[in-house]
Amino acid sequence: MSFTVYAHQFDTLDLLCWRHVGMTQGVVEAALELNRSIADTGVFIPHGSAVVLPTAEHLAHRTRSHQIVQLWD
């Protein structure tokens, strides 16, 4: 599930995630997957651009596995 928001002047992707979802960890990565060409616009998203953001349900379904590397035992 996702929803669409529209960028204001000088908005960045992480700012949109914070403003509309309330957090950035994991949200920015999911938003990049939903908006594959958004990185081509640069740091600031052009005013009025539609940006698809993930919902909390979408984030709950994402699973990640991290390999833990320990330098010392």
Side-chain angles (χ1 to χ4, degrees):
M1 302 288 267
S2 58
F3 62 99
T4 302
V5 298
Y6 295 91
H8 297 188
Q9 188 172 8
F10 301 116
D11 273 350
T12 58
L13 184 59
D14 60 332
L15 178 61
L16 285 174
C17 292
W18 178 257
R19 185 184 303 144
H20 295 283
V21 182
M23 61 184 198
T24 57
Q25 183 177 1
V27 181
V28 174
E29 293 84 356
L32 284 169
E33 289 177 9
L34 293 170
N35 303 277
R36 297 215 179 254
S37 64
I38 200 164
D40 298 338
T41 64
V43 175
F44 298 109
I45 301 167
H47 177 77
S49 296
V51 179
V52 179
L53 295 179
T55 60
E57 295 169 353
H58 177 80
L59 295 172
H61 288 100
R62 290 175 48 107
T63 58
R64 282 198 185 174
S65 62
H66 296 283
Q67 181 181 9
I68 297 175
V69 177
Q70 295 183 357
L71 299 178
W72 297 276
D73 289 326

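Just so it is clear, the values below take in all heavy atoms, side chains as well, and ignore hydrogens, waters and symmetry mates.
Of all heavy-atom pairs between Glu29 and Gln25, the closest is OE1-C, 4.2 Å. Among all heavy-atom pairs drawn from Val51 and Leu16, the shortest one is CG2-CD1, 3.8 Å. The shortest non-hydrogen separation linking Ala30 to Pro54 is CB-CG, 3.7 Å.
Between the CG atom in Leu32 and the SG atom in Cys17 there is a gap of 8.0 Å [rounded to 0.5 Å].
Applying the ring-ring contact (aromatic ring centres under 6.0 Å, His included) rule to pairs touching residues 11-42 yields nothing, sequence neighbours excluded. Pairs engaging residues 39-52 under the side-chain hydrogen bond (donor to acceptor under 3.5 Å, both in side chains) rule: none recorded [sequence neighbours left out]. Applying the salt bridge (Lys or Arg N to Asp or Glu O under 4.0 Å) test to residues at least two apart or on different chains, the pairs with a partner in residues 8-18 are Asp11-Arg19.
Scored by the ring pair (Phe, Tyr, Trp, His ring centres under 6.0 Å) test, Phe44 finds Phe10 as partners (sequence neighbours excluded). Evaluation of the side-chain contact (heavy atoms from CB on, under 4.5 Å) rule for Ala50 yields Thr4, Tyr6 as partners, not counting sequence neighbours.
If you chain together ILVMFWY residues whose side-chain heavy atoms come under 4.5 Å of each other, Leu34 ends up grouped with Val52.
When the side chains of ILVMFWY residues are joined at heavy-atom separations under 4.5 Å, either directly or via intervening members, Ile38 and Leu15 end up in two distinct hydrophobic clusters.
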